[in-house]
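Everything on this sheet refers to the single structure shown next.
Source: prediction; values computed, not measured. Chain naming here is simple, since letters A, B, ... match the order of the sequence lines and numbering starts at 1 in each.
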Amino acid sequence: MIRLGYCCINLSLKDKKVNRGMIKKTFLSKGLNYCSELAEQNLIDTFDIIKWNVDNNIFVYRLSSNIFPWFSEYNLEDLPNFNNIKSTLCQIGKFILENNVRVGFHPGPFNVLASEKYQVVDNTVFEINQHSKILDMMGLPKNPYYGINIHINNSKPNKASALQRFEDNFSKLSNSSQKRLTIENDDKQSLYTPLDLIKLSNRIKEKYGCLLPVVFDNLHYSIHSDLLCPTFIVSECSKTWSDLTPLIHWSSSKKIHEDPSCLQIAHADYVYDKIVLPNGNFDVEIEAKCKDLSLLNYIKNYQNI
DNA sequence: CCAGGTCAAGGGAGT
DNA sequence: ACTCCCTTGACCTGG
């Protein structure tokens, strides 16, 4: 069975926003009080979006990493309205569990666990831990089903050394982060294919005894592949998920389908490529600029799913 | 009120 | 050297 979902923003609910933030100057002048206000609003709207999803038969949803503005700069417990926030998180988590919803995060490209710079690694560890704290406060089980997905995003001076740094720095993550982390294949020749990541996953399992599942992304694979058919590679990735339903990213290239002047890696507004996966259970996050609209549009075009 | 310039962060690739 | 692209366009100011 395939379940479809989308990422962060809901375009059907125009007045719901999960991304309220501020520029640095405002953060410095208004501080945690204002962060708190925005976070509370973002959370309430996140809850409404998840409820809307369930009403519309959508059970997979990527949470926005911008629910808490500037959360790389403070501890969540230090927010003035932390009690409200915590109770909202609990309610959301309860709803998620009761309705069989799957949520997860995809922190931004600035999170580079394999960086050569200690400061970058430290910042990354803190920010990933912040993400896992949110999932923990929701009361969601500590496993990659409620995951935090990142790219390796570094290959200096070569892939082997970067992978070694990733493996070493994995130890710096909190226990919850270690249990939730997943890794995704890249869209650049110098970076990592699914098979590269499966090897890394096996090394992490050997060294730390935890799963580090591989999230397969079809658009990235079309740009940087293992020269093996996607369906086969998806089944290989599935093994890194043990008995958990694998997460898949699916999208189409904007260059090919909508605007030739774009780079091939840019995401299209809608999904033009039929979702083809091996038999079995899969949760698919559609990465298209038109979000829930592209999901609904896809379902309309491919009724047989 | 709104259009448009600007915006924390890492890294790779295209120009 | 600069811009685009990725997680995710949104914030804020000058007119």
Query raised in the report: Does A:R102 have any salt bridge (Lys or Arg N to Asp or Glu O under 4.0 Å) partners at least two apart in sequence or in another chain, and if so, which?
Result: A:D283
Report task. Go through residues 110-135 of chain A and report each residue with a non-hydrogen atom lying under 4.0 Å from DNA chain C, sorted by number. Result -> none
Query raised in the report: Among residues 56-79 of chain A, which contact DNA chain B at a heavy-atom distance under 4.0 Å?
Result: A:W70, A:S72
Query raised in the report: Nucleotide range of DNA chain B contacted by chain A, 5' to 3', under 4.0 Å to a heavy atom?
Result: B:dA8 to B:dG14
**Report entry** Pairing annotation in dot-bracket form, given for DNA chain B with Watson-Crick or G-U pairs under 3.5 Å and | for cross-strand partners
**Finding:** |||||||..||||||
Requested in this report: Quick one, give me the B/S/- string for nucleotides 9-15 of chain C, reading 5' to 3', where B means a protein heavy atom under 4.0 Å from the base and S means that only happens at the primed atoms, P, OP1 or OP2.
Outcome: SSSSS--
Requested in this report: Go through the structure and list residues passing salt bridge (Lys or Arg N to Asp or Glu O under 4.0 Å) with A:K205, not counting sequence neighbours.
Outcome: none
Query - Set of residues satisfying salt bridge (Lys or Arg N to Asp or Glu O under 4.0 Å) with respect to A:K16, sequence neighbours excluded - result: A:D48
Requested in this report: Please collect all salt bridge (charged side-chain N to carboxylate O under 4.0 Å, His left out) contacts where either partner lies in residues 210-231 of chain A, sequence neighbours excluded, each pair once.
Outcome: none
Query raised in the report: Partners of A:K188 by salt bridge (Lys or Arg N to Asp or Glu O under 4.0 Å), sequence neighbours excluded?
Result: none
Query - Nucleic acid contacts - residues 140-160 of chain A versus DNA chain B, non-hydrogen atoms under 4.0 Å - result: A:N153, A:N154, A:S155, A:K156
Requested in this report: For A:Y221, enumerate each residue passing the ring-ring contact (aromatic ring centres under 6.0 Å, His included) test, keeping only those at least two apart in sequence or located in another chain.
Outcome: A:F216
